[in-house]
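Each residue takes its place number in the sequence, starting with 1. Only a predicted model underlies this, so the values are computations on that prediction, with no experimental measurement involved.
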Amino acid sequence: MTIPVKAQDHQHQKADQGHILDRLHASLSLDAPVNMVKQVSDTRARILYQSFGIKTIRDLLALYPHRYVDMSCVALVQQAEIGKSYTIFGTLYEIKQKRPKPRLTLVELSLLDESGLLIVTCFNQPWLADNLHKGDRISVSGKVEFSYGFKRMVNPLIVVHEKGEAETGIVLPIHPSVAKIPRTTMRRLVNNALSVVRGLYDPLPLSLRMHYRLYSRYQALRGVHNPVSLSDATQARRRLRYEELFFLELELIDQEQKRIAGISPFQHETQGRYQKRLREVLPFTLTQDQTEAIAAILNKMAENYPMNHLLLGDVGTGKTMVAAFALAACADSGTQALMMGPTEVLVQQYGTTLGPLFDQVGICWDVLTGSTSIAKRNEIREKLSSGQLQVLFGTHALLEKEVVPARCSLICIDEQQRFGVEQRQALIDKAPGADILSMTATPIPRSLALALYGGLSLSYLHTAPARQGGRTTTVCHFSEEAIAYDALRAALERGEQAYVICPLIGLDLKDKQDDQSGSGEQEHSSAFEYATIEWDLEHDEVGDTLSAATLHAKVLQEQIVPGAHVGLLHGKMSSQEKAQVMEDFRNGSIQVLVSTTVVEVGVDVPNATVMIIEDADRFGLAQLHQLRGRVGRGDLPGSVFLVSRSKAPQSLERLRIMERVDDGFALSEYDLSLRKEGDIFGNRQHGRSRLALVNVIRDKAIIEAAYHDARMCYNGTNLSPEEHKLVMYELKTRQKART
């Protein structure tokens with residue numbers, strides 16, 4: 001029977017509509033509760049959430065395999081060569097369980113195929129004796145060995161096959177698992193989830209997928225969880241890495257767009273008299289990096305768009321002087337600027353460094369800290385609110401409600417990572433529409449900076465001014481630390497000064513002896529926790545060998561340098577006490593400073609030429625690099641000694657790169673390269689990183705591509721309306737999932 005043409009068209013339309021509805025249902029199911037997946041009971045759903053933070057099908061499909069076992073090399077027992085890895089299929093003939101030692105169980109399996117017998121030995125896996133049965137069809141994957149007349153495998157990967165299942169080599173994904181949901185069950189749940197979302201829409205624009213030759217979303221999910229080959233898994237991960245980064249960059253852009261919505265920006269003067277005069281009075285020549293950073297920042301400030309710029313500078317590269325030109329641009333524009341630093345010592349140094357230059361230029365400035373007198377504080381507030389004060393440097397004191405600028409057009413935050421989000425926002429709220437300049441001496445590679453701060457524009461300072469004396473770094477085992485202290489004594493004899501850094505605050509011995517309540521032990525523990533948080537130490541446990549700063553200072557004063565004045569600086573001191581110690585060190589009344597906390601980043605003591613860092617292996621390379629930046633800042637060369645008690649060769653080798661490399665960004669890349677995939681960002685939730693597949697060192701090219709592509713796609717450039725809707729829907733769905 002011939003179907004009329006109109007009827008055929010109607011059938012095709014119904015089929016197309018059904019196909020569209022199926023795809024829409026699959027796409028929406030991605031964010032459905034995980035108990036919608038077959039075999040995910042309420043109990044299993046609760047376990048998945050408690051163990052992995054899994055609430056939706058999307059979360060389950062983002063639980064990527066740890067690794068893959070290539071079982072594609074299939075052989076018969078007789079063909080398998082000794083010393084090589086194979087997958088062998090066979091029938092389970094016999095199961096024996098033995099206990100040769102009290103804490104050792106051994107399960108021995110006899111596996112028969114058409115060519116011979118293979119003995120499989122499994123240590124400490126007693127459950128196999130209960131889960132496997134004679135006559136089961138199984139495959140084992142591992143290295144073939146030979147002993148006692150038989151070919152054998154020890155602790156191979158064992159897979160039980162259903163009756164009639166095709167016996168071909170596979171690539172087996174190894175998923176994370178918990179006791180109540182073993183790997184085989186987890187793999188089955190993931191495959192059930194894949195069947196739910198088969199045919200879902202792909203949020204990545206087709207043009208991008210074609211340009212980079214990326215899998216579709218479903219291909220990638222299928223390939224990462226159930227690959228047909230290792231190459232298939234690699235291509236799937238490549239697509240998913242790009243997707244993670246693309247939507248992360250979109251989210252960072254979206255956050256920035258929301259920040260400036262409805263704000264009237266300032267357009268600054270970039271060729272004004274204050275800036276011109278500042279260049280004329282500089283007592284030194286700016287580096288090329290500084291010149292380029294100043295130009296980039298001033299260009300951003302001149303735009304009719306609120307600037308949000310991050311200046312990343314290695315230690316000693318002159319970030320403060322770059323900021324000075326941004327502050328001068330505000331004066332040229334008839335507006336004001338607020339610059340906030342994390343400590344009084346550092347903020348006072350702004351005044352010491354920039355104050356005389358601003359005085360010569362004619363810029364009105366002042367400093368506000370917690371220790372500023374009430375009379376002076378009131379005077380500063382009045383000048384600021386009247387517009388008379390053009391630049392105000394300050395600590396957290398700037399956040400006080402009474403500090404109200406008349407017309408602030410620039411917020412500058414130094415060492416921005418040391419302030420909380422709410423603190424930074426409180427300062428920004430004092431100046432709606434103002435440009436924002438953030439600065440940090442933490443060496444962050446560009447790839448990581450784009451992933452963390454992709455919504456901001458960036459500038460880098462790599463090169464230190466030529467006037468600095470430079471420094472050398474030497475790694476010493478504890479048994480050789482006399483070399484370091486000989487150098488310290490020699491420096492003191494030359495009239496120079498030194499730092500000694502210890503990673504733990506110690507207890508006063510007398511207090512410890514007098515304490516009978518156990519509070520001393522508690523204080524010791526909390527002291528270490530404080531140091532850990534401040535330094536982000538890479539530590540295992542508190543050991544007896546860990547240097548206690550108070551005891552160390554006492555030994556230095558009484559035995560090593562009895563003729564010198566040894567000072568002590570630690571995080572338990574008040575701001576005033578810290579400031580006084582640093583001032584005494586700066587003016588030379590303290591010759592050796594023993595410190596447990598960050599020796600203020602950016603603080604200059606040109607006469608300090610030696611630094612000894614005890615237990616250096618407990619610090620990250622970035623922290624060590626920031627610390628050693630405190631010496632060699634003047635005309636005199638500096639010497640840094642990294643002392644380690646570790647006997648692990650890899651710990652010393654990790655430190656020895658400090659002897660060869662003096663670039664903080666290169667060191668940061670090396671430090672990051674030693675970390676595991678997905679362990680870079682430190683923003684885990686229920687054990688998983690927000691970027692589960694990305695490694696910022698390996699994936700530099702993907703990060704750069706995603707960074708630029710996201711900017712093109714955010715406003716729909718080169719996208720169809722349907723593609724732009726899909727992109728923005730995916731972005732909002734991801735944002736909603738994290739709230």
Side-chain angles (χ1 to χ4, degrees), residues 26-69 157 159 170-198 200 202-203 215-228 230 232-248 675-695 699 730 733-739:
S27 300
L28 294 175
S29 295
L30 191 63
D31 294 291
V34 71
N35 57 9
M36 298 295 292
V37 174
K38 184 180 177 181
Q39 295 183 308
V40 178
S41 62
D42 290 343
T43 299
R44 280 181 174 168
R46 185 168 60 254
I47 294 170
L48 289 171
Y49 177 72
Q50 291 172 347
S51 302
F52 304 107
I54 292 173
K55 294 189 291 186
T56 65
I57 295 176
R58 180 195 294 268
D59 295 334
L60 179 58
L61 292 175
L63 190 70
Y64 303 122
H66 288 317
R67 58 188 176 91
Y68 302 93
V69 177
L157 185 69
V159 178
I170 61 171
V171 175
L172 187 69
I174 307 300
H175 285 85
S177 61
V178 290
K180 295 183 179 179
I181 307 181
R183 285 197 175 95
T184 52
T185 303
M186 188 69 75
R187 189 161 59 247
R188 188 162 59 249
L189 298 182
V190 169
N191 285 333
N192 291 342
L194 284 172
S195 66
V196 174
V197 300
R198 183 181 289 113
L200 81 172
D202 194 328
Y215 276 9
S216 70
R217 172 177 270 189
Y218 181 76
Q219 275 183 306
L221 290 173
R222 190 271 314 152
V224 77
H225 289 295
N226 197 14
V228 296
L230 291 178
D232 185 30
T234 299
Q235 289 301 319
R237 284 176 172 258
R238 178 171 168 265
R239 150 65 199 240
L240 293 171
R241 285 190 190 107
Y242 178 85
E243 180 179 313
E244 284 184 344
L245 288 163
F246 177 78
F247 284 103
L248 172 64
R675 304 192 186 191
K676 295 178 181 178
E677 181 177 80
D679 193 32
I680 301 293
F681 296 90
N683 56 350
R684 301 181 193 86
Q685 183 177 8
H686 296 286
R688 292 187 296 136
S689 172
R690 183 173 170 184
L691 295 182
L693 297 177
V694 174
N695 180 294
D699 300 325
E730 177 70 13
T733 301
R734 287 170 177 259
Q735 291 173 330
K736 184 178 179 181
R738 277 195 293 274
T739 58

Here the gap from Arg237 atom CZ to Leu240 atom CG, rounded to the nearest 0.5 Å, amounts to 8.5 Å
Please examine the side chains of His225 and His175, heavy atoms only from C-beta on, and report whether any two atoms are closer than 4.5 Å.
yes
Quick note, side-chain hydrogen bond (donor to acceptor under 3.5 Å, both in side chains) partners involving residues 177-188, not counting sequence neighbours, are Gln39-Arg188
- Taking it one step at a time, do Leu172 and Val159 satisfy side-chain contact (heavy atoms from CB on, under 4.5 Å)? CA-CA 9 Å; Leu172 187 69; Val159 178; 4.0 Å; yes
Across all chains, not counting sequence neighbours, the side-chain hydrogen bond (donor to acceptor under 3.5 Å, both in side chains) partners of Tyr64 are none
Output for pair (Leu194 CG, Leu189 CG), nearest 0.5 Å, gives 11.0 Å
field: Stepwise side-chain contact (heavy atoms from CB on, under 4.5 Å) test for Val171 and Asn226
entry: CA-CA 8 Å; Val171 175; Asn226 197 14; over 6 Å; no
Of all heavy-atom pairs linking Tyr68 and Pro173, the shortest is CD2-CA, 3.7 Å
Open item on the list: With salt bridge (Lys or Arg N to Asp or Glu O under 4.0 Å) as the criterion, how do Arg734 and Glu243 come out once you've worked through the C-alpha distance, each side chain's angles and the decisive distance to 0.1 Å?
Closed with: CA-CA 12 Å; Arg734 287 170 177 259; Glu243 180 179 313; 2.8 Å; yes
So CD1 of Ile57 and CG of Leu221: to nearest 0.5 Å the spacing works out to 11.5 Å
Looking at Arg44, is its backbone amide N or carbonyl O close enough to the side chain of Ser41 to form a donor-acceptor pair, meaning the two atoms are under 3.5 Å apart?
yes
Asp232 meets the side-chain hydrogen bond (donor to acceptor under 3.5 Å, both in side chains) criterion, sequence neighbours left out, with Tyr215, Arg222
d(Leu28 CG, Leu200 CG) to nearest 0.5 Å is 10.0 Å
Residues passing the side-chain hydrogen bond (donor to acceptor under 3.5 Å, both in side chains) test with Asp31, sequence neighbours excluded, are Arg58
Sequence neighbours excluded, the answer for side-chain hydrogen bond (donor to acceptor under 3.5 Å, both in side chains) partners of Thr56 is Asp59
| said: Is the shortest side-chain heavy-atom distance between Val178 and Ser51 below 4.5 Å? | reply: yes
Asp202 meets the side-chain contact (heavy atoms from CB on, under 4.5 Å) criterion, sequence neighbours left out, with Leu204, Arg209, Ser216, Arg217, Arg239
Practice item. May I ask you to test the Phe246-Arg241 pair for a side-chain heavy-atom distance under 4.5 Å? Key: no
Interatomic distance, CG@Leu693 vs CD@Glu244, rounded to 0.5 Å, equals 4.5 Å
In this structure, CG of Leu63 is separated from NE2 of His66 (nearest 0.5 Å) by 7.5 Å
Closest heavy-atom pair, Ala236 versus Gly223, reported as atoms and distance to 0.1 Å, is CB-C, 3.5 Å
